[in-house]
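Since the structure is predicted, the reported quantities are computational estimates derived from the model, not experimental observations.
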Amino acid sequence: MFLSHLECTRCGKEHRADSVQTVCLDCAGVLFARYNLDNIAKHLSKQSFQSRVKSMWRYRELLPIKDDSNVITLGEGFTPILQLRKAGKSLSLKNLFMKDDGLVPTGTFKARGMASAISKCVELGIKKVAVATAGNAGAAMSAYAAKAGLESYVYMPKDTPNPIRLECEIYGANVSLVDGSISDAGNMVDQVAKENGWMMLSTMKEPYRVEGKKTMGFEIAEKFDWTLPDVIVYPTGGGTGIVGMWKAFDELERTDLVSGKWPRMVSVQSTTCAPVVKAVQEGKDSCEFWKNPATIAAGLRVPKPFGDYLIIRTITQSNGTAVDVSDEDMVHAMKDIARKEGVWMCPEGAATYACLPKLIESGFLDRDETVLLYNTGSGILYPGLI
Ligand SMILES: *Cc1c(COP(=O)(O)O)cnc(C)c1O
Ligand SMILES: [Zn+2]
């Protein structure tokens, strides 16, 4: 077990990792798990992974659970990276790839974060968990809570796509439907959770979902033979994925598993809910609240991410950028990829493909570069769009 402590990403204050923690006690910043990376470097090499389990738990030393018996897993992670030959050719991109997290349990990459967070809840003796969600985090939490035998409470917008709500219900969660967006759900649940002693697992308001999400970055490195692509395009809502991958690259470098250049990170959002794009364009280091957030891409309907400063820091440090695409372009891209490549991406994932013409036109992308699109979930959860 190499977890050493938790560190505030805003003020740097250290917190203990062996008791229940949410956000920084001093400044309410997001807490990150920190490890004894020097010890891990001595213990791990690229060869270590050859015979390991084909799930995100192959990176066991860099995950925060002390005792294996507390790990709650449904086999999440180690998803394929597919070369998109036809789609790439249509844009004259020579090296276009997609990592397909439509293949994880519950149908979205949210399973990664919840596998890690729920396992840690089991380790800390927590019995009841709750989340404010745009949908998919609720479905994932419900599944892992069911497996772990925890009570779960999900607060989600009442217009969340029906299959996602049904997922929560079949796994036995207590579902509350809220008027408005994930922010309104958050305002409702925070007080109730406090009164009832529920552990809140909302995005970045506890330290361990990011730990599961960072395995996306480990897998990208390993599948590219311990190198990193030039560009990663990521559909950004609350930001755990992009922030998690950036944390992963740092840990891989410090444990000597990768060296060389890190990717430029691109956030893509919907034109009708684009707080990160607006902040990046205006050179701000946090987001303004986006009024009337509306998009078919439920996972991107986040009017003000709690970890906004970490998302923007990642984009800036990586020399990346943020772009928006319309909902219509997402649906068009979804159909185009399905026909060319045989994958039904979720609209969030399809946004990464839809924004490529913009990135090429602006000169951000060079046609020879290795570009990885992150498909965060399966289109089957959004049948109403077709
Ligand atoms: C939550 C979600 C996103 C956004 O992920 P973050 O890491 O929170 O930015 C993207 N796509 C889907 C399908 C999601 O459920
Ligand atoms: Zn702090």
Audit row: K110, R209, side-chain contact (heavy atoms from CB on, under 4.5 Å) steps and yes/no: CA-CA 9 Å; K110 291 288 195 307; R209 277 176 61 193; 3.9 Å; yes
Shortest non-hydrogen contact between C287 and K304, atoms and distance: O-NZ, 3.0 Å
Gap between atom CG of D256 and atom CG of D38 - 0.5 Å precision: 9.0 Å
Atom of S286, atom of A279 and distance for their closest heavy-atom approach: O-CB, 3.5 Å
Stepwise ring pair (Phe, Tyr, Trp, His ring centres under 6.0 Å) check, F49 with Y59: CA-CA 8 Å; F49 299 98; Y59 310 104; 5.4 Å; yes
From CD1 (I386) to NZ (K335), nearest 0.5 Å: 5.0 Å
Pairs touching residues 99-109 that satisfy side-chain hydrogen bond (donor to acceptor under 3.5 Å, both in side chains), sequence neighbours left out: T79-K99, T79-D101, K99-E219, D100-N375, D101-R112, D101-Y374
Spacing of CG belonging to L257 relative to OG belonging to S45, to within rounding of 0.5 Å: 8.0 Å
Salt-bridge criterion met for E251 and R254 (N-O under 4.0 Å): no
Residues, nucleotides or ligands: over 12 heavy atoms within 6.0 Å of K223 NZ: yes
Under 3.5 Å donor-acceptor, K86 side chain and K340 backbone: yes
Heavy-atom check, side chain of W226 versus side chain of L252, under 4.5 Å: yes
ILVMFWY cluster, V122 and V71 together (side-chain gap under 4.5 Å): no
Between T9 and Y309, a side-chain donor and acceptor under 3.5 Å: yes
Atom CZ of R85 with >12 non-hydrogen neighbours under 6.0 angstrom: no
N/O donor-acceptor pair under 3.5 Å between E123 side chain and K66 backbone: yes
Nearest non-hydrogen partners of L3 and P64, listed with the distance: CD2-O, 3.6 Å
Sidechain-backbone polar pair: T271 side chain, S326 backbone, donor-acceptor under 3.5 Å: yes
Side-chain heavy atoms of V104 within contact of L74, under 4.5 Å: no
Shortest non-hydrogen contact from Y382 toward S378: CD1-O, 3.8 Å
Residue pair T133, L201: steps toward the side-chain contact (heavy atoms from CB on, under 4.5 Å) verdict: CA-CA 9 Å; T133 173; L201 299 181; over 6 Å; no
D336 (side chain) donor-acceptor with H332 (main chain) under 3.5 angstrom: no
Whether Y234 and F109 hold their rings parallel, tilted or perpendicular, with breakpoints at 30° and 60°: perpendicular
Any donor-acceptor pair under 3.5 Å from R58 side chain to S51 backbone: no
Within one Ile-Leu-Val-Met-Phe-Trp-Tyr cluster: I126 and M204, side-chain cutoff 4.5 Å: no
P235 and its side chain to side chain contact (heavy atoms under 4.5 Å, CB included) partner, picked from I242, V268, V266: V268
Separation between NZ of K147 and CD1 of I72, rounded to the nearest 0.5 Å: 7.0 Å
Check ion pair D26-R10 (N to O, under 4.0 angstrom): no
Non-hydrogen atoms of L381 and P163 that approach each other most closely: O-CG, 3.5 Å
Side chain proximity check, W262 to D250, heavy atoms < 4.5 angstrom: yes
Side-chain donor or acceptor of Q21 paired with backbone N/O of R16 under 3.5 Å: yes
Value rounded to 0.5 Å, distance of CH2 in W198 from CG in D190: 11.0 Å
ILVMFWY cluster, I337 and L365 together (side-chain gap under 4.5 Å): yes
Exercise: identify the closest heavy-atom pair between L6 and A33: CD2-CA, 3.6 Å
Pair E206 + K120: basic N to acidic O under 4.0 Å: no
Over 12 foreign heavy atoms within 6.0 Å of CG, N292: no
Ion pair check, D324 and K278, cut-off under 4.0 Å: no
Intermediate values then yes/no, side-chain contact (heavy atoms from CB on, under 4.5 Å), T370 and L372: CA-CA 7 Å; T370 302; L372 180 84; over 6 Å; no
D329/K358 salt bridge by N-O under 4.0 Å criterion: no
Cluster check W344, V331: I/L/V/M/F/W/Y, side chain < 4.5 angstrom: yes
Flag, side chain of T255 to backbone of I40, donor-acceptor distance under 3.5 Å: no
Close side-chain approach of P157 to R301, heavy-atom, < 4.5 Å: yes
Check: G238 main-chain N/O paired with T203 side-chain donor or acceptor under 3.5 Å: no
Sub-4.5 Å side-chain heavy-atom contact between M330 and L385: no
V243 side chain near F32 side chain, heavy-atom distance below 4.5 Å: yes
Step-by-step side-chain contact (heavy atoms from CB on, under 4.5 Å) determination, S183 to F289: CA-CA 10 Å; S183 296; F289 189 91; 3.6 Å; yes
Validation row: L25, H15 side chains within 4.5 angstrom (heavy atoms): yes
Salt-bridge present (D230, R264; N to O < 4.0 Å): no
Y35: which of E211, H5, E61 passes side chain to side chain donor-acceptor pair (under 3.5 Å): E211
D308 side chain to D285 backbone, donor-acceptor under 3.5 Å: no
Co-membership, hydrophobic cluster, residues I311 and W246, 4.5 Å side-chain: yes
K94 side, atom NZ; Q83 side, atom CD - distance, nearest 0.5 Å: 12.5 Å
Side chain proximity check, F249 to S318, heavy atoms < 4.5 angstrom: no
